[in-house]
Colleague: 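This is the structure I have questions about; it appears just below.
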Amino acid sequence: MADEYLGPRHGPLYNMSALGFTPGEMVVVTGAASGIGKATALCAAKAGLAVAAWDMDGPGAQATVDEITSGGGQAYAITVDVFDNAQVDRAWQETLAHGPCLYLVNNAGPRSVSQGPFTGHLLDAVGSMEAVATRWLDHCGDVASSLVNISSIAGNLQGSGKTVSAFYPAAKAGIAGLTRHLATKFDGRPRANAVAPGITITPRIEPMLASPAMQDLAARVPVGRLGFPEDMAHAVLFLLSPAAAYINGVVLPVDGGVTLN
Ligand SMILES: NC(=O)c1ccc[n+]([C@@H]2O[C@H](COP(=O)([O-])OP(=O)(O)OC[C@H]3O[C@@H](n4cnc5c(N)ncnc54)[C@H](O)[C@@H]3O)[C@@H](O)[C@H]2O)c1
């Protein structure tokens, strides 16, 4: 069924199988070589978007691109360390050479168990998302664009004592604040929302899956399992899409309800 309007006091009624996206529109997904970013890139391609797969792992980004293009989709691999502003500038130039970019998923971030200087990791985690987003805004102008930042339930939804490094909950709470800032600063262009994943089975989590702490966490999830990267990707794509046109500035927990316990 085509998108339609029911009358003057109505918005567009989208064909929800496409979420209102126009095929060929471009999305940048950072950290697209693995885990949540990879699932989001593949999901975006299934929704008809052209994907710019950004990652510091160039061969990994290329593998995601190959998976998309072998299925008939459109994708470009961009090798970039998003913690380095000069590389971010270059990555935007490379990306925009393929056409305008309407959508951004800020997903890459330091590992939650990373040790080392608090301020450095905080800057990497929050500063990189701010840098990627503001440089994008410089280019994308006054169009109906949207972005989704990946926060975490460790940010402002989960209690203390559940995280290893102090920077991680601080950074993820910071990303929630950054999201609300971006959602309102430019009169809703772009819309900005965040997804706060619960524990999600990705390569960075897999080595810890067998630990008693992780087993305990899994047992407390009301839906009875840990998250899959695809659970996060579906939520990201919805918030990103025109179908979510009236959702702006939210931090959506995607955690099977674990933060209610
Ligand atoms: N897995 C979880 O349980 C979980 C829970 C909450 C939030 N998150 C968040 O989700 C995001 C993705 O996590 P994941 O579990 O999918 O991780 P992952 O390790 O599977 O994938 C992360 C990807 O990001 C890339 N990356 C890391 N730093 C980068 C940089 N500086 N520049 C470019 N690329 C970089 C890596 O190369 C990798 O491909 C992170 O922001 C993480 O904090 C994850």
Colleague: Quick check: is L240 connected to V250 through a chain of hydrophobic side chains (ILVMFWY, heavy atoms under 4.5 Å apart)?
Modeller: yes
Colleague: Among Ile, Leu, Val, Met, Phe, Trp and Tyr joined by side-chain contacts under 4.5 Å, find the other residues sharing a cluster with M26 and list them by chain and number.
Modeller: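 M26 shares its hydrophobic cluster with Y76.
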Colleague: I'd like to check the side chain to side chain donor-acceptor pair (under 3.5 Å) partners of D66; sequence neighbours left out, ordered by chain and number.
Modeller: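 So D66 forms a side chain to side chain donor-acceptor pair (under 3.5 Å) with Q62.
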Colleague: How about I150 and P197: do any of their side-chain heavy atoms sit closer than 4.5 Å?
Modeller: yes
Colleague: To the nearest 0.5 Å, tell me how far H139 NE2 sits from Q93 CD.
Modeller: 7.0 Å
Colleague: Salt bridge check, D57 against K38: does any charged N sit closer than 4.0 Å to a carboxylate O?
Modeller: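 Result for this pair is no, no salt bridge flagged.
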Colleague: Return the orientation label for the F167 and H121 ring planes: parallel under 30°, perpendicular over 60°, tilted otherwise.
Modeller: tilted
Colleague: Checking side chain to side chain donor-acceptor pair (under 3.5 Å) between W54 and each of D81, N107, T79, T95, which is the one that passes?
Modeller: T95
Colleague: Quick one: pull up CG in D124 and OG in S114 and give me the separation to the nearest 0.5 Å.
Modeller: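 Interatomic distance, D124 CG to S114 OG, rounded to 0.5 Å: 9.0 Å.
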Colleague: Can you list the steps and then say if F21 with L237 is a side chain to side chain contact (heavy atoms under 4.5 Å, CB included)?
Modeller: CA-CA 10 Å; F21 289 120; L237 260 288; 3.5 Å; yes
Colleague: Under 3.5 Å, is there a donor-acceptor pair between the side chain of T200 and the main chain of G198?
Modeller: yes
Colleague: Indicate yes or no: at least one non-hydrogen side-chain atom of I201 is less than 4.5 angstrom from one of R225.
Modeller: no
Colleague: Is there a side-chain contact between I199 and V258 in this structure, where contact means two heavy atoms from C-beta onward sitting under 4.5 Å apart?
Modeller: no
Colleague: Any heavy-atom pair between the side chains of L137 and F186 that's under 4.5 Å?
Modeller: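 In short, these two side chains touch, coming nearer than 4.5 Å.
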Colleague: Are side-chain heavy atoms of S112 and V164 found at a separation under 4.5 Å?
Modeller: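 No, their side chains stay 4.5 Å or more apart.
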Colleague: Taking the side chain as every heavy atom from C-beta outward, state whether V221 and D255 have any atom pair closer than 4.5 Å.
Modeller: no
Colleague: From N149 CG over to T30 OG1, what is the distance, rounded to the nearest 0.5 angstrom?
Modeller: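 Those atoms lie 9.0 Å apart.
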Colleague: Please tell me if the side chains of T179 and M129 come closer than 4.5 Å, counting only heavy atoms from C-beta onward.
Modeller: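 When only atoms from C-beta onward are counted, M129 and T179 do not touch, as no gap falls below 4.5 Å.
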Colleague: Check whether any side-chain heavy atom of F238 sits under 4.5 Å from a side-chain heavy atom of H234, and report yes or no.
Modeller: no
Colleague: Side-chain heavy atoms under 4.5 angstrom apart, residues restricted to Ile, Leu, Val, Met, Phe, Trp, Tyr: same cluster for V82 and L178?
Modeller: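 Cluster IDs for V82 and L178 match.
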Colleague: Say whether, by atom type as modelled, one donor and one acceptor occur between the side chain of S211 and the main chain of M214 under 3.5 angstrom.
Modeller: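 Such a contact is found between S211 side chain and M214 backbone.
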